[in-house]
Amino acid sequence: MDLKSNYVAPVLTDPLPINKSRLGSYSSLLPCSPPGMALSPVLCLTIPRKKPIPGKLEDVRFSGWLDAMKSSSPPPKKLTKELNIVSDDNDVAYGSWMLRYPSALASFEQIIIHAKDKRIALFLDYDGTLSPIVDNPDCAFMSDAMRLAVRDVAECFPTAIISGRSRDKVYDFIGLTGLYYAGSHGMDIMGPVRHSVSVDDDPNCIRSTDEQGKEVNLFQPASEFLPMINEVFRSLVENTKEIKGAKVENNKFCVSVHYRNVDEKSWTTVAQCVHDILKGYPRLRLTHGRKVLEVRPVINWDKGKAVEFLLESLGQSNCDDVLPIYIGDDRTDEDAFKVLREGNRGYGILVSSVPKDSKAFYSLRDPSEVMEFLNSLVRWKESTWNKTMWLEQQPALSKNRGVMDSVGTVLD
Ligand SMILES: O=P(O)(O)OC[C@H]1O[C@H](O[C@H]2O[C@H](CO)[C@@H](O)[C@H](O)[C@H]2O)[C@H](O)[C@@H](O)[C@@H]1O
């Protein structure tokens with residue numbers, strides 16, 4: 001575990017939509033690159049990282065927190081109208097962005113060609129991927145149709161949910177057994193019993209049972225931070241209680257401070273409040289999600305590491321015949337996209353309705369397209385099963401045919 005002792009208040013900014021942009025660069029061209037990867041780079045804007053200046057209220061402005069907060073979610077349609085952003089321009093920008101991140105639906109055949117002799121392992125983020133982004137985080141329900149799609153796909157391929165929410169909460173939202181669940185950005189994984197020796201020796205991993213009494217492994221690499229996180233949660237609740245619309249969510253090994261419903265004029269106050277509290281906790285850091293500030297332990301663990309962990313648990317790491325597919329929509333999912341891209345192991349699919357720079361290979365516009373993609377995977381799997389069964393029946397069929405032929409011969 002990599003515990004850093006100096007608080008540097010890391011600021012990880014989220015890429016902005018690319019309307020007002022700079023030229024991005026793109027070098028990686030992997031054997032499994034989708035078409036368009038070789039095409040010229042598309043305009044992208046990324047907010048520069050700035051070091052925080054210790055002091056007072058100015059801190060959060062100069063540190064880039066506010067810039068990151070503003071860029072952390074696409075503007076709602078109403079705002080786009082108010083800003084007079086012509087929708088045609090948006091479509092053009094999105095269209096050219098898709099040359100770099102082609103639609104996973106339009107590229108389905110290609111994905112399938114690559115998956116042909118491989119075993120797919122599926123990783124799904126929750127908010128913004130399986131459920132639409134809504135104002136109240138407690139009401140981010142997924143549709144029944146999406147639940148069926150997830151259930152069906154999990155019957156075809158090993159499937160894990162990897163969410164920033166607490167594991168219990170995301171399980172309550174999804175309500176399906178037969179999947180693996182990783183909460184707190186992968187810091188709380190309930191996965192299959194692992195067989196590799198290195199993993200079994202891990203002190204952060206304990207044997208447990210799931211809701212059905214099935215034996216599972218529980219991996220919690222940040223368990224020592226639990227008292228600290230609870231303490232910070234209480235301070236955040238107390239110190240933000242006067243900020244109208246602010247909401248603090250306890251995600252077990254991390255805390256979310258939501259400002260989606262806070263008037264933009266008060267965002268500085270939210271940021272300053274979080275900043276001031278974090279100053280007293282050098283072993284905690286801040287990341288930006290979609291209109292949310294996320295406080296989490298400084299450990300060398302993220303959604304990318306969680307993917308690697310789960311692949312190893314499934315006995316599928318370092319296997320050439322495994323194709324991991326990860327679908328997610330926000331900055332924290334980039335760690336997983338990076339792992340798949342850099343290891344040339346599988347496909348990241350970014351869910352976004354606006355152009356964003358990403359380590360993903362493909363894109364899907366919104367949760368409804370995610371559902372369509374999951375259903376396409378199921379249909380493809382079922383068709384390969386049917387084909388396999390048909391092929392397996394061939395010797396029997398030809399034997400029958402032989403019997404029928406000889407019967408025919410006798411009858412003739
Ligand atoms: O990793 P995820 O499953 O995507 O979780 C990330 C955060 O998602 C939730 O917040 C986001 O969705 C809310 C509901 O749509 C929305 O109101 C909020 O503005 C978004 O940031 C969740 O509440 C957070 O705790 C998660 O960290």
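If you read the sequence from its start, that first residue is 1, and numbering goes on from there.
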Kindly state whether the ring of Tyr326 and the ring of Tyr347 have centres lying under 6.0 angstrom apart.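 No - the distance between ring centres of Tyr326 and Tyr347 does not fall below the 6.0 Å cut-off.
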Between Trp301 and Phe253, ring centroids under 6.0 Å: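 No, too far apart.
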Less than 4.5 Å apart, side chain to side chain, heavy atoms only: is that true for [X] and [Y]?
X: Phe361; Y: Arg341; value: yes
X: Leu284; Y: Arg296; value: no
X: Ser358; Y: Tyr101; value: yes
X: Leu311; Y: Arg345; value: yes
X: Val378; Y: Trp380; value: no
X: Val295; Y: Leu278; value: yes
X: Asp210; Y: Met190; value: yes
X: Tyr180; Y: Leu314; value: yes

Assess the side chains of [X] and [Y]: does a donor N or O sit below 3.5 Å from an acceptor N or O?
X: Asn250; Y: Asn230; result: yes
X: Asn204; Y: Gln220; result: no
X: Lys303; Y: Thr332; result: yes
X: Ser166; Y: Asp168; result: no

Indicate yes or no for a side-chain donor-acceptor contact from [X] to the backbone of [Y] under 3.5 Å, with no hydrogens or angles considered.
X: Asn261; Y: Asp135; value: yes
X: Ser184; Y: Met187; value: no
X: Glu249; Y: Val257; value: no
X: Asp302; Y: Lys305; value: yes
X: Ser163; Y: Tyr126; value: no
X: Ser107; Y: Ala104; value: no
X: Tyr259; Y: Met69; value: yes
X: Ser266; Y: Val262; value: no

Measure across [X] and [Y] and return the closest heavy-atom pair with its distance rounded to 0.1 Å.
X: Ile229; Y: Lys252; result: CG2-O, 3.3 Å
X: Val351; Y: Gly128; result: CG1-O, 3.5 Å
X: Ala271; Y: Leu293; result: CA-CD1, 4.2 Å
X: Ala154; Y: Thr159; result: CA-OG1, 3.4 Å
X: Thr240; Y: Cys273; result: CG2-SG, 3.6 Å
X: Leu323; Y: Ala115; result: CD2-CB, 3.7 Å

When rounded to the nearest 0.5 angstrom, what is the spacing between [atom1] in [X] and [atom2] in [Y]?
X: Leu122; Y: Ile325; atom1: CG; atom2: CD1; value: 6.0 Å
X: Ile162; Y: Tyr181; atom1: CD1; atom2: OH; value: 13.0 Å
X: Thr129; Y: Met146; atom1: OG1; atom2: CE; value: 8.0 Å
X: Leu124; Y: Ile161; atom1: CG; atom2: CD1; value: 4.5 Å
X: Ser235; Y: Ile277; atom1: OG; atom2: CD1; value: 5.0 Å

Looking at [X] and [Y], does any basic side-chain N land under 4.0 Å from a carboxylate oxygen?
X: Lys359; Y: Asp335; value: no
X: Asp127; Y: Arg165; value: yes
X: Glu155; Y: Lys381; value: no
X: Asp172; Y: Lys169; value: no
X: Arg285; Y: Glu294; value: no
X: Lys247; Y: Asp138; value: yes

Criterion side chain to side chain contact (heavy atoms under 4.5 Å, CB included) on Thr177 and Tyr171, from CA distance to verdict: CA-CA 9 Å; Thr177 56; Tyr171 175 75; 3.7 Å; yes
Val150 vs Arg147, side chain to side chain contact (heavy atoms under 4.5 Å, CB included): CA-CA, chis, key distance, verdict: CA-CA 5 Å; Val150 174; Arg147 186 167 291 103; 5.9 Å; no
For the residue pair Trp65 and His288, does the interplanar ring angle fall in the parallel (under 30°), tilted (30 to 60°) or perpendicular (over 60°) class?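 Perpendicular, since the angle between the ring planes exceeds 60°.
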Identified salt bridge (charged side-chain N to carboxylate O under 4.0 Å, His left out) partner of Arg290 from the options Asp329, Asp333, Asp125, Asp330: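 The single option meeting the salt bridge (charged side-chain N to carboxylate O under 4.0 Å, His left out) with Arg290 is Asp329.
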If you draw the axis of the six-membered ring of Tyr94, does the NZ or CZ of Arg365 fall within 45° of it and under 6.0 Å from the ring centre?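 The answer is yes; both the distance and angle limits are met.
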Tell me, with the steps shown, if Val255 and Asn251 meet side chain to side chain contact (heavy atoms under 4.5 Å, CB included). CA-CA 5 Å; Val255 179; Asn251 285 331; over 6 Å; no
Does the pair Leu350 and Leu364 meet the rule for a side chain to side chain contact (heavy atoms under 4.5 Å, CB included), with working shown? CA-CA 6 Å; Leu350 174 68; Leu364 290 167; over 6 Å; no
Please report the C-alpha distance between Glu224 and Arg283 in whole Å, then the side-chain angles of each, then the deciding distance to 0.1 Å, and finally whether the salt bridge (charged side-chain N to carboxylate O under 4.0 Å, His left out) criterion is met. CA-CA 11 Å; Glu224 62 173 300; Arg283 294 175 74 202; 3.1 Å; yes
Could you go through Glu231 and Tyr281, starting from their C-alpha distance and side-chain angles, then the distance that decides it, and tell me whether this counts as side chain to side chain donor-acceptor pair (under 3.5 Å)? CA-CA 10 Å; Glu231 194 178 289; Tyr281 293 91; 2.4 Å; yes
